[in-house]
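No hydrogens, no waters, no symmetry mates; every other heavy atom, side chains included, goes into these values. Proteins come first, then strands; the chains are lettered A, B, ... in the order of their sequence lines, and each starts at number 1. Not measured: the values here are computed from a predicted model.
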There are 2 protein chains.
Amino acid sequence: MFIYFCIVEDLVNPSDLTKPPTSKGMQTADRVRRAALKLFARYGYAAVSMRQIAGEVGVQPGALYNHFRTKQDILKDLMLTHMADLIAAWDTELEHAASTCDPLETFTRFHIRYHLERADAVFVSYMELRNLEPENFRSVEAERRRYESILTNILAQGAADGRYVIDDPKVTTRALIAMLTGIPTWFRNGGGLSRAEVEDLYTALARKAVSAHPAGKETGERMA
Amino acid sequence: MFIYFCIVEDLVNPSDLTKPPTSKGMQTADRVRRAALKLFARYGYAAVSMRQIAGEVGVQPGALYNHFRTKQDILKDLMLTHMADLIAAWDTELEHAASTCDPLETFTRFHIRYHLERADAVFVSYMELRNLEPENFRSVEAERRRYESILTNILAQGAADGRYVIDDPKVTTRALIAMLTGIPTWFRNGGGLSRAEVEDLYTALARKAVSAHPAGKETGERMA
DNA sequence: AAAATAAATGAACATTCATTCATTTACAAT
DNA sequence: ATTGTAAATGAATGAATGTTCATTTATTTT
């Protein structure tokens, strides 16, 4: 029974920032989360055993069940926590961002930065959707839609103001988010490009994608 | 030993189009492929057992080993076959496509069409990369790079001709392919949009993304 | 039709799986 | 310091895992 209490509290108080959790129990729960995230990201949820997680934590398998009811609960916890953290991070971004900047650029740069920083959590949340039991899937999907609606609103507003030209804001949202979310699959630190360069390149792509350029039959020979 | 022979022949002669393979053995091998593809796409490689595949085929588990040496071999076969079919399909597309059309548009429409038609194979080839043993992974990755280079060449050529404005053809390739490959995750037949409409929308996005529009600080109020 | 080979069976193999539990150890509050 | 509770152990549960194999049944080839 105390387990349920613990999990609920973890969701209310996401664990990623408050590094030193109070009690011993919270501390190991956090180590379990970290170990599971690492292993799930590398090998996939279905391919990772509770024994592996326990081994990574440095504990016997049975001990995991003091903190999570089931393996599925660990996955659910990781994914819901990630979505909550992502949306919370966007909210604080909004507070600090200059309102003079193009909101699409703000979003693009935020999304790239966040997804490169938290590559593991992003990857797991993206790949393991089908391993969620139906109810957990619905919860995560709801958060995902909430996040997508942020960009949809930016696009719709920009289109209404005439700053962007967009056929279908929802489809454009999915297109842009898929484009941006693909970055962590190939980006490597120390590769050919810095994070800032990647930000710049993708921001340019995104802004052009919603620009007025009609892309009819004329080929744009004329330089700006 | 004959098993190895069989697999090699299957790779030389991809099995997706030649519906009725000659012998009984080839026939069941094909049913195994189909069953595995369906199950891997739905539940993921690691979560699908050989017994499930056998059940779907309507055969005992041991019978699978007359056609594939291991479970891993089924996955490798599916992914390599898919990549070969994809590239072959592009080659025939090139023969039939009007050379007057913008090559980026040709590629975009082809990619979307193919990826919506073969959603299962695409999904498996995309999601199960990490479940490939190192050697198989390298084989599949090589094919993937080969496919990406098609778009990279189109972009580089267009940029050289001044028809496109592109900072980095390789990065733009990844961005566009990620954008396009994301479609099957949300597109559903009978949904709000037809395939043709999706093709049109994404083609417009892709063409604008490589257009000259500088996206500086001026907001593009002016209509074309 | 007979001989040779391919394909399928059904039972078994040793491992590994997620989870449970009585018990011991470590911690927190009094 | 003592007491109550939280956390970890270590062993066990039954079920499921990929794969093997001697044998039987189909399908080719001669």
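- Salt-bridge annotation for B:Glu105 and B:Arg109: present, with a side-chain N of the basic residue lying under 4.0 Å from a carboxylate O of the acidic one.
- Proximity of a side-chain donor or acceptor of A:Arg130 to a complementary backbone N or O of B:Ala41 within less than 3.5 Å is detected.
- For D:dA7, neither phosphate oxygen OP1 nor OP2 lies less than 4.0 angstrom from any side-chain nitrogen or oxygen of A:Thr28.
- The ring of B:Tyr126 has its center no closer than 6.0 angstrom to the ring center of B:His82.
- Closest-nucleotide positions on DNA chain C for A:Gln52 and A:Gly62 were compared, and the one nearer the 5' end corresponds to A:Gln52.
- Between B:Arg31 atom CZ and C:dA7 atom C1' there is a gap of 11 Å when expressed in whole angstrom units.
- No salt bridge links B:Arg144 with B:Glu148; every basic N to acidic carboxylate O contact stays at or beyond 4.0 Å.
- Remark: P of C:dA18 and CD of A:Glu133 are 14 Å apart, rounded to the nearest angstrom.
- In this entry the distance linking OH of A:Tyr65 with C1' of D:dT9 reads 15 Å, nearest Å.
- Salt-bridge annotation for B:Glu143 and B:Arg146: present, with a side-chain N of the basic residue lying under 4.0 Å from a carboxylate O of the acidic one.
- Between A:His67 atom NE2 and D:dA6 atom P there is a gap of 12 Å when expressed in whole angstrom units.
- In this structure, the CD1 atom of B:Ile74 is 11 Å from the C1' atom of D:dG18, given to the nearest Å.
- In this structure, B:Gln60 places its CD atom 10 Å from C1' of C:dA11, rounding to the nearest Å.
- Protein atom CE of B:Met50 is 13 Å distant from nucleotide atom P of C:dA8, rounded to whole Å.
- Between B:Ser49 and D:dA16 there is no side-chain polar atom (N or O) within less than 4.0 angstrom of OP1 or OP2.
- Within the 4.0 angstrom heavy-atom criterion, no nucleotide atom of any strand lies near B:Val57.
- The CZ-C1' distance, from B:Arg51 to D:dA15, rounds to 11 Å in whole Å.
- Minimum atom distance to the side chain of A:Thr70 is reached by C:dT19, of the listed C:dT19, D:dA8, D:dG18.
- Under 3.5 Å, the side chain of B:Asn66 and the base of C:dA8 form at least one donor-acceptor pair of N or O atoms.
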